2 protein chains.
Amino acid sequence: MTTPRRRRPTMADVAERAGVSRTLVSFILDGKPGASDETRQRVLAIADEIGYRPDSAARLLAQGRSRTLGVMSDIRQLFEAELITHIYPAAEKLGYEVLLSANLPGRTEPTVVESLLSHRCGALILLGPKAGQDFFDELASRVPVVVACRRLTGLNDEVPLATVRTDDAKGIRQAVDYLVDLGHHHIHHVSGGTDPGSDDRQEAYCRAMRAHGLAGESVVIPGAHNEEAGAEAARTMLAAPTLPTAVLAGNDRCALGILDVFTRAGVDVPGRVSLMGFDDSRLSENPRIDLTTIHQDAGEIARRSVELAVSMLVEGPSRATDVVLEPQLIVRGTTAEPPR
Amino acid sequence: MTTPRRRRPTMADVAERAGVSRTLVSFILDGKPGASDETRQRVLAIADEIGYRPDSAARLLAQGRSRTLGVMSDIRQLFEAELITHIYPAAEKLGYEVLLSANLPGRTEPTVVESLLSHRCGALILLGPKAGQDFFDELASRVPVVVACRRLTGLNDEVPLATVRTDDAKGIRQAVDYLVDLGHHHIHHVSGGTDPGSDDRQEAYCRAMRAHGLAGESVVIPGAHNEEAGAEAARTMLAAPTLPTAVLAGNDRCALGILDVFTRAGVDVPGRVSLMGFDDSRLSENPRIDLTTIHQDAGEIARRSVELAVSMLVEGPSRATDVVLEPQLIVRGTTAEPPR
DNA sequence: CTGAAAGCGCTTACAG
DNA sequence: CTGAAAGCGCTTACAG
């Protein structure tokens, strides 16, 4: 159907023009030894001249497994976009390509994964996946998998499945400790529902409250890691007889939604209610937002994920690894002592 | 090097188990006619049973040009992430796959494009590219190209190059008209530098100021479409003897940076200075930000881009098309009458 | 230092 | 309704 375009040059074209075999061209382009310097120069010049570009599809097919890392991400999450910016250079440094595919409403995780796999990605990095444990086990039996920003329980030495994440529990513990230090007792938590890290954060919240003798004050409001869910949770809180003095949101975006509704409703933050997020995404530091939050190290998460993916790809399974990174409390303007 | 993993099933495996030829399996999997219903059922069942998945790399190689759309995006731009969420369903509807690759600092547009092309994308959609005109001409001679969110001058019928964009000039004109109506004369523009749409926006700003007899008041401060550039521009303005009464930023992110610095410096927005953005990205409507801005229709831009890409891919060149969408003024809380 | 040949997994005329 | 065969562009032992 396509109008025949100027056919793109192949290795065979280069070989013919240079009067050498395709094999040799392949070697030269690959930087392998086995050609005289003179031949090398000539072949390179010709390749350049006729505009030769390697064909990844053919290369992948011929090589079997590939030097390509497949990355699944919900690109609307600022924090994941940030991770990706760090994944590219880390992969390139190790000589790997990156293929991106987005999981979005209407594009489920299995769909994304199959797409990546069908393009022969040699290993997968999944950013904040929501699938069930079984999904990862099954997947890792087919290809090495690194799960970022989520804790998994089924890690073992049989299967190339690893995780890289921030210590969510510790981060939440820091947050609660900080709020309690300020004098807060009525601290509510808006959970992230099925979103990455939510379980740990919620559990850590309950445990921390208990540790402070505030078990009776624990209130978890179901939510998700986006603005709409935060807004909804804020409405729920506003409808209740009394407001808490502090709210610990599932993540920054959720906190933004809460801030939205509270602000519109005339609830002073932090005068009346203190608010905290989680992630420390780009917007948190804008002084109009100025959100107190827990910082995650995107660069480190990205680098470790890439390194693990490559190492499993090269060395095969038996690597059960759970990389846990330190969170960091970032105090900004949405938190203060409780009123009066 | 890779530890031999359970080899993934191929078409040949399916054919063998089913006792038919690979050709027939290919036909059946493709939904083409040419197999009895009974055979079809059996083959499908076997494929499913042994977990057969098509190999895109092999398919692409065999088919020549592909049913894959390559999308280049700076995923850190919220607005582009939004575009992508609409590109997937639009492509799927037409039976096309999408491959994503990110242009980022350290990963230039030519790099991204070559990567996409080497994976045999049949057409390219470039979101807000910054490259020079020549780059697109040369590229379009190799593959159909749709440029989104940027105006190009060199469109002709010879080469499959098309653009889809919002009428930037009109949007800026709306913004200036609105500010002038409010009573503003001292309106500064923070330009987007080399970022997409910047030239048109800047020129439209100058023209609109002139149309209102305010040519003498025109001030353009160089910037870019991100928070840092906005912050820098705000500092420049603060250092000048007098502040304008209104600022028209190159886009929303730039406006956020300006808001940041102004707020920290105690400049009341909109009491002392009115501020406008461009894009209407997700954060603009947060009441802490509450940014008056110009709305772009992400869904429509995405759909039109996909349709154009596919139509050029199928029908070949000769389609010089420039789709121009309507902008929309969104009045929120960062604009008001000038002080006193 | 160099080349002939097989193969990666699929598609697609062509021929029954 | 079904199959044998060539080919997509590359890599990679193997053999000089």
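Below, chain A is the first sequence line, B the second, and so on; all start at residue 1. Source: prediction; values computed, not measured.
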Study note, to complete from the structure: Given Watson-Crick and G-U pairs under 3.5 Å, DNA chain D in dot-bracket ([ ] crossing, | other strand) is |||.||||||||.|||
Check your understanding: For B/Asp195, which of B/Lys130, B/Gln77, B/Arg150 qualifies under side chain to side chain donor-acceptor pair (under 3.5 Å)?
Key -> B/Lys130
Practice item. Answer yes or no: side-chain N or O of A/Ser26 and base N or O of D/dT12 forming a donor-acceptor pair under 3.5 Å. Key: no
**Study point:** Separation of the P atoms in D/dT2 and D/dA6, to the nearest angstrom
**Key:** 23 Å
Exercise for review: Using the P atom as the reference point in each nucleotide, state the distance between C/dA13 and C/dG9 in Å, no decimals.
Suggested key: 23 Å
**Study point:** 5' precedence on DNA chain C between B/Ala58 and B/Lys32 (nearest-nucleotide basis)
**Key:** B/Ala58
Check your understanding: Taking atom P of D/dC8 as reference, at what distance in whole Å does atom CG of A/Leu60 sit?
Key -> 18 Å
Exercise for review: Examine D/dG3: is either OP1 or OP2 under 4.0 Å from a nitrogen or oxygen in the side chain of B/Ser21? Give yes or no.
Suggested key: yes
Practice item. Indicate, yes or no, whether a donor-acceptor pair under 3.5 Å links the base of D/dT12 to the side chain of A/Thr23. Key: yes
Exercise for review: Return yes when atom CD of A/Glu300 has more than 12 non-hydrogen atoms of other residues, nucleotides or ligands closer than 6.0 Å, and no otherwise.
Suggested key: yes
Exercise for review: Could you check how far CG of A/Leu29 sits from C1' of D/dT11, rounded to whole Å?
Suggested key: 12 Å
Check your understanding: Mind checking the P distance from D/dA5 to D/dC1? Whole angstroms is fine.
Key -> 24 Å
Check your understanding: What is the distance, rounded to the nearest whole Å, between atom CD of B/Glu16 and atom P of D/dG3?
Key -> 14 Å
Point to revise | Atom pair distance, as rounded to whole Å: CZ in B/Arg22 and C1' in C/dT11 | key: 10 Å
